[in-house]
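What you see is a predicted model, and the numbers here were worked out from it, not measured in a lab.
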Amino acid sequence: MGARIDSLALIESSLWQQLQQAAQQREHDWRTMVLATVHDDEAQARSVVLREVDTAARELVFFTDARSAKVAQMRQRPAGTLLCWSPSLSWQLRLRVQLEVQTAGLRVSSRWARLKLTPAAQDYLSPLPPGSPLTEAGAPERASREHFAVVTAKVRSVDWLELHADGHRRAHFGADGAQWLQP
């Protein structure tokens with residue numbers, strides 16, 4: 001374990017730097033996060049891949065199929081929580097977010113223009129919605145990009161937890177500032 005950061009301001013800055021790296025480095029521990037939402041008073045959780053981070057705007061971006069159940073859930077209840085764990089840092093983040101789904105416009109078309117040249121484009125080209133039963137093994141014919149959606153998660157607050165042999169630490173970063181919490 002490396003040297004610990006003792007300043008709340010430096011911890012907040014460092015966690016945003018780590019999120020930036022996660023969006024750029026496929027092997028980063030936080031590249032894949034868990035998104036939790038609520039549907040019919042039941043918790044729903046699934047993995048999402050972090051694609052972009054705008055530190056100044058406090059926004060995270062990921063992509064999804066517009067026909068997925070999570071899109072309907074986000075439109076009905078746009079509040080969610082993103083959870084990520086880094087074994088190498090021994091840091092857990094719980095990010096309370098406000099979710100916005102976009103399926104058209106420049107934000108969507110510009111990202112699709114880059115994504116369509118990669119193998120990841122296949123994830124958004126199925127003519128069937130996610131979770132649809134298949135009559136046989138294998139992928140169905142491809143469709144157009146009309147089901148590609150960009151999700152922006154506006155971070156309202158961050159709960160940071162560090163697990164450490166010398167003592168665990170926890171802090172909260174939100175609109176009211178930063179404060180240490182009992183782990």
Do [X] and [Y] belong together in a cluster built from hydrophobic side chains that touch within less than 4.5 Å?
X: Ile5; Y: Val158; result: yes
X: Met33; Y: Trp16; result: yes
X: Leu115; Y: Val101; result: no
X: Leu15; Y: Leu89; result: yes

Flag side-chain contact, heavy atom, 4.5 Å: [X] against [Y]:
X: Trp180; Y: Ile11; value: yes
X: Leu82; Y: Leu60; value: yes
X: Phe63; Y: Arg51; value: yes
X: Leu35; Y: Leu99; value: yes
X: Leu161; Y: Trp91; value: no
X: Leu50; Y: Phe62; value: no

Salt-bridged, [X] to [Y], with N to O below 4.0 Å?
X: Arg114; Y: Glu52; result: yes
X: Asp40; Y: Arg77; result: no
X: Arg4; Y: Glu162; result: yes

Trace of the side chain to side chain contact (heavy atoms under 4.5 Å, CB included) decision for Val61 with Val151:
CA-CA 6 Å; Val61 173; Val151 179; over 6 Å; no

Point-to-point distance, once rounded to the nearest 0.5 Å, from [atom1] of [X] to [atom2] of [Y]:
X: Asp159; Y: Leu95; atom1: CG; atom2: CG; value: 9.0 Å
X: Arg169; Y: Asp166; atom1: CZ; atom2: CG; value: 9.5 Å
X: Arg111; Y: Leu106; atom1: CZ; atom2: CG; value: 8.0 Å
X: Asp29; Y: Cys84; atom1: CG; atom2: SG; value: 9.5 Å
X: His147; Y: Ser68; atom1: NE2; atom2: OG; value: 11.5 Å
X: Leu83; Y: Leu93; atom1: CG; atom2: CG; value: 8.5 Å

Under the 3.5 angstrom rule, does the side chain of Ser13 hit a backbone N or O of Ala9 as a donor-acceptor pair?
no

So, the side chain of Arg170 versus the backbone of Trp160: is there a donor-acceptor pair under 3.5 Å, distance only?
no

If only side-chain N and O atoms count, and only distance matters, is there a donor-acceptor pair under 3.5 Å linking [Y] with [X]?
X: Arg46; Y: Thr37; value: yes
X: Ser86; Y: Gln18; value: no
X: Arg94; Y: Ser157; value: no
X: Gln98; Y: Arg156; value: yes

Take atom CZ in Arg26; do more than 12 heavy atoms of anything else shown fall under 6.0 Å from it?
no

Take Gln44 and Gln73, measure what side chain to side chain contact (heavy atoms under 4.5 Å, CB included) needs, and give me the verdict at the end.
CA-CA 9 Å; Gln44 302 289 323; Gln73 293 164 14; 3.6 Å; yes

Under the salt bridge (charged side-chain N to carboxylate O under 4.0 Å, His left out) rule, what do Lys154 and Asp54 come out as? Steps first, then yes or no, please.
CA-CA 10 Å; Lys154 177 78 171 171; Asp54 183 338; over 6 Å; no

Side chain to side chain contact (heavy atoms under 4.5 Å, CB included) assessment of Leu8 paired with Phe173:
CA-CA 9 Å; Leu8 286 171; Phe173 304 93; 4.1 Å; yes

Could you go step by step and tell me if Arg31 and Val49 meet the side chain to side chain contact (heavy atoms under 4.5 Å, CB included) rule?
CA-CA 6 Å; Arg31 175 81 169 178; Val49 177; 3.6 Å; yes

Measure across Leu181 and His172 and return the closest heavy-atom pair with its distance rounded to 0.1 Å.
CD1-CB, 3.6 Å

Geometric class of the Trp112/Phe148 ring pair [parallel <30°, tilted 30-60°, perpendicular >60°]
tilted

Could you note down all residue pairs passing ring pair (Phe, Tyr, Trp, His ring centres under 6.0 Å) where residues 23-59 supplies at least one of them, sequence neighbours left out?
His28-Trp30

Check against side chain to side chain donor-acceptor pair (under 3.5 Å), Thr152 and Gln102
CA-CA 8 Å; Thr152 302; Gln102 293 179 302; 4.6 Å; no

Any pair with a residue in residues 67-76 that passes salt bridge (charged side-chain N to carboxylate O under 4.0 Å, His left out), sequence neighbours left out, goes on the list, sorted by first then second residue, please.
Asp65-Arg67

